[in-house]
Trainee: 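Next up is a structure, given as structure tokens.
All residue numbers refer to positions in the sequence shown, counting from 1. One-based numbering, in listed order, for ligands and for the atoms of each.
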Amino acid sequence: MTFDYDLFVIGGGSGGVRAARIAATEGGARVALAEEYRMGGTCVIRGCVPKKLMVYASEYPGMVEDARAYGWDAKVGAFDWKAFRKSLDAELTRLENAYRKGQENAGVTIHDQRAVVVDPHRVRLADGTEITTKHILIATGGQPFVPEFEGSDLAITSNDIFLLDDLPSSILVVGGGYIACEFACILNGLGVDVTQYYRGAQVLRGFDDEARGHVAEGMKANGIEIHCGTDVLRMEKTGGGIRVSSTDGHERTFEAVMYATGRRPNTAGLGLEQAGVELGRYGKVVVDDYSQTSVPSIYAVGDVTDRIALTPVAIREGQAFSQTVFAGKPSKADHELVASAVFTQPELGSVGLSEEDARAQEEIEVYQTAFRPMQSLFAGRPDRVLMKLVVSAKTGKVLGCHIVAPGAGEMIQLAAIAIKMGATKEDFDRTVAVHPTMGEELVTMKTPVRKG
Ligand code: NDP
């Protein structure tokens, strides 16, 4: 049978565009891609990129305060959200066009509309056109999940935040994960009065306990009111905003409420079940190590598979898929020792096992230091940096590294190379420090603070 295409990709986000480009350029495949919203997907349009630009915007008031301590006659003026949004929109449009160009240059045909799966070798576009294809790649990502309760429709999500006409004067952020904590910090930095409710005992569950405690303390010191063990019962619109009743017995009114209570795979109405594709919890596409689904001609990469919901992981999965299927180079994406950063203030960078997870696995030694870094100490700020190495007592291998510091994301990227290579504590020790830096502490910690 001849097909219209060798590969049809549904979803123009990080995983989809990488897979399409590699299949076309390295695999010589005839490729089409459908995107129903904007090319670039969550990361570029309503995730990592606009978020990071908002992080930068939110950091300037603190920098201006520091500048004064360093002798500058500087003052923080008002933040002009509308002006910032205009520049942000322009930047996202530039990136969106760059993604489109990248695909076109690779010879990929783009359909700017929704596509659904009809059968293992056929997709249907929103305009009714049916297209046959040898392979289908599902790269539709995820979307914010808001639990259902009385008034839950009043909540906004991270999708909406970039599109607000005005910033609210006060906001309740619900959730304790990456998105909740990052936006609590961003909005706080931009001058919004931020309260955060999290149902568990400490935010950033899954990260090293000490590191997440350190982040939470820093967030509180910066003025965010964090209430752990607290969840929303119901919400109602009032003249003054949204009245929120919570499990701690309080009723408070906020101008806006943002829910960041996780994301769910984007598979509803895609036709996958009818095509015989096995779906798992919350509709995730079940795949093997090569991203192949239960239907041999259909593959899936990225957040829709609910493996590790990070852009660089989706890119690796997309790349491995196209190399395997089209370039004759069977390869699996490596999900071990994936570093990540939470762009809170203070920032958290982490790779490998937390102290708790490592201890459950084997005997460990913990090396750690907390100190006031030179730059902010001079400015009279109380910020403390945390550097922590979790080491195997038996092999000396560094099992985990956790950094809470300005620039922790940059530092952890480099530490991750060493740790991925299997570096031992001795390797760290024989690396000469770069002075004066914060990172030098990683190679100068001599005595374990805990063993066992
Ligand atoms: P997370 O899974 O990180 O966090 C979800 C949070 O919502 C948790 O605190 C969870 O609580 C809470 N929660 C879940 N369900 C409910 C509920 N029904 N009621 C109240 N609270 C609830 O999801 P995010 O949405 O923050 O982020 C999604 C993913 O996107 C992340 O896991 C990450 O992989 C990726 N991401 C990465 C970023 C980065 O690399 N910097 C930035 C942003 C996102 P509990 O802990 O109790 O389960």
Side-chain angles (χ1 to χ4, degrees), residues 13-15 41-56 141-152 155-162 172-186 196-207 209 211-212 215-216 219 226-235 244 246-248 257-266 281-282 284 302-317 335 338-351 354 403-404 407-410 412-413 416:
S14 307
T42 297
C43 171
V44 176
I45 303 298
R46 45 184 133 61
C48 321
V49 172
K51 179 276 304 286
K52 190 85 190 271
L53 291 168
M54 280 182 80
V55 170
Y56 291 137
Q143 57 186 328
F145 156 77
V146 180
E148 266 183 40
F149 59 92
E150 193 184 325
S152 60
I156 58 169
T157 68
S158 58
N159 280 357
D160 308 303
I161 210 97
F162 308 110
L172 170 68
V173 176
V174 182
Y178 282 81
I179 298 180
C181 292
E182 288 183 344
F183 275 97
C185 293
I186 289 169
Q196 186 176 358
Y197 286 177
Y198 170 53
R199 65 182 180 181
Q202 182 59 282
V203 295
L204 296 173
R205 186 168 63 82
F207 285 93
D209 274 354
R212 63 198 184 117
V215 173
M219 289 171 65
I226 303 180
H227 296 265
C228 288
T230 306
D231 210 350
V232 173
L233 288 170
R234 67 188 157 271
M235 307 200 295
V244 177
S246 49
T247 51
D248 58 0
V257 177
M258 173 179 165
Y259 258 73
T261 43
R263 294 173 60 84
R264 296 279 194 263
N266 221 342
R281 193 167 169 241
Y282 304 131
K284 74 168 180 182
D303 290 7
V304 76
T305 63
D306 197 20
R307 286 178 279 185
I308 302 178
L310 297 172
T311 281
V313 175
I315 291 172
R316 292 291 176 104
E317 290 168 357
H335 294 102
V338 174
S340 77
V342 188
F343 294 99
T344 37
Q345 291 158 36
E347 196 169 304
L348 165 64
S350 182
V351 63
S354 65
I403 301 174
V404 182
E410 306 291 346
I412 206 69
Q413 177 68 85

Trainee: Going by distance only, is there an N or O of Gly176 that falls short of 3.5 Å from an N or O of ligand 1?
Mentor: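 It does: an N or O of Gly176 is found under 3.5 Å from an N or O of ligand 1.
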Trainee: Tell me whether the NZ or CZ atom of Arg264 lies within the 45° cone about the ring axis of Phe145 and under 6.0 Å from its centre.
Mentor: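 Checked: cation-pi criterion met.
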Trainee: Enumerate the atoms of ligand 1 whose separation from the nearest heavy atom of Leu310 is less than 4.0 angstrom.
Mentor: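 Numbered from 1, ligand 1 contributes 34 (O), 37 (C), 40 (O).
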Trainee: For Gln202 and Asp209, indicate whether the former's side chain and the latter's backbone hold a donor-acceptor pair under 3.5 Å.
Mentor: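 Checked: no pair found.
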Trainee: Quick test: of every protein heavy atom, which one is nearest to atom 5 (C) of ligand 1, and how far off is it to 0.1 Å?
Mentor: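 The answer is Gly262 N, 3.4 Å.
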Trainee: Can any side-chain N or O of Gln143 pair as donor or acceptor with the backbone N or O of Asn266 at less than 3.5 Å?
Mentor: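 Flag not set: sc Gln143 to bb Asn266 has no pair under 3.5 Å.
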Trainee: Please compare Ala260, Ala180, Ala339 and report which has the shortest non-hydrogen distance to atom 6 (C) of ligand 1.
Mentor: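 Ranked by closest heavy atom to atom 6 (C) of ligand 1, first place is Ala260.
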Trainee: Nearest heavy atom to atom 1 (P) of ligand 1 wins, so pick from Ser340, Pro147, Ala341, Gly177.
Mentor: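 Ranked by closest heavy atom to atom 1 (P) of ligand 1, first place is Gly177.
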Trainee: Taking atom 10 (C) of ligand 1 as the point of reference, which of Arg263, Arg199, Lys52, Glu182 owns the nearest heavy atom?
Mentor: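 When every heavy atom of Arg263, Arg199, Lys52, Glu182 is considered, Arg199 comes closest to atom 10 (C) of ligand 1.
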Trainee: Quick test: of every protein heavy atom, which one is nearest to atom 46 (O) of ligand 1, and how far off is it to 0.1 Å?
Mentor: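 The protein heavy atom lying closest is Tyr198 OH, 2.6 Å.
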Trainee: Please identify which atoms of ligand 1 are closer than 4.0 Å to at least one heavy atom of Lys51.
Mentor: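 Near Lys51, meaning under 4.0 Å from one of its heavy atoms, ligand 1 has 41 (N), 42 (C).
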Trainee: Indicate, as side chain, backbone, both or neither, the part of Asp231 found under 4.0 angstrom from ligand 1 when only non-hydrogen atoms are considered.
Mentor: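 The side chain, only.
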Trainee: Looking at the rings of Tyr56 and Phe343, which for Trp means the six-membered one, are their centres under 6.0 Å apart?
Mentor: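 That pair fails the under 6.0 Å test.
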Trainee: Can you pull out the closest protein heavy atom to atom 44 (C) of ligand 1? Residue, atom name and distance to 0.1 Å, please.
Mentor: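 Nearest protein contact, heavy atoms only, for atom 44 (C) of ligand 1 is Ile179 CG1, 3.5 Å.
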Trainee: Can you label the angle between the Tyr259 ring and the Phe149 ring as parallel, tilted or perpendicular, going by 30° and 60°?
Mentor: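 Tyr259 and Phe149: tilted rings.
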Trainee: Determine whether a donor-acceptor pair (N or O, by modelled atom type, separation under 3.5 Å) exists between the side chain of Thr230 and the backbone of Cys228.
Mentor: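 Yes; at least one donor-acceptor contact below 3.5 Å.
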Trainee: Among all residues two or more places apart in sequence or in another chain, which pass the side chain to side chain contact (heavy atoms under 4.5 Å, CB included) test with Arg316?
Mentor: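 Only Ala333 meet the side chain to side chain contact (heavy atoms under 4.5 Å, CB included) criterion with Arg316.
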Trainee: Give me the nearest non-hydrogen protein atom to atom 37 (C) of ligand 1 as residue plus atom name, then the distance to 0.1 Å.
Mentor: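 Ranking protein heavy atoms by distance from atom 37 (C) of ligand 1, first comes Tyr178 CD2, 3.4 Å.
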Trainee: In the protein, what heavy atom is nearest to atom 48 (O) of ligand 1, and what distance, to one decimal place, separates them?
Mentor: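 Result: Arg205 NH2, 2.7 Å.
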Trainee: Any sub-3.5 Å donor-acceptor pair from Ser14's side-chain atoms to Ile315's backbone N or O?
Mentor: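 It does not hold such a pair.
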Trainee: At what distance is the nearest protein heavy atom to atom 22 (C) of ligand 1, and which residue and atom is it?
Mentor: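 So the nearest neighbour among protein heavy atoms is Thr261 CG2, 3.4 Å.
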Trainee: Give the residue, atom name and distance (to 0.1 Å) of the protein heavy atom nearest atom 30 (O) of ligand 1.
Mentor: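 Protein heavy atom with the smallest distance to atom 30 (O) of ligand 1: Ala309 O, 3.8 Å.
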Trainee: Identify whether NZ of Lys or CZ of Arg in Arg46 sits under 6.0 Å from the centre of the six-membered ring of Phe162 and within 45° of that ring's axis.
Mentor: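 The answer is no; the distance or angle limit is not met.
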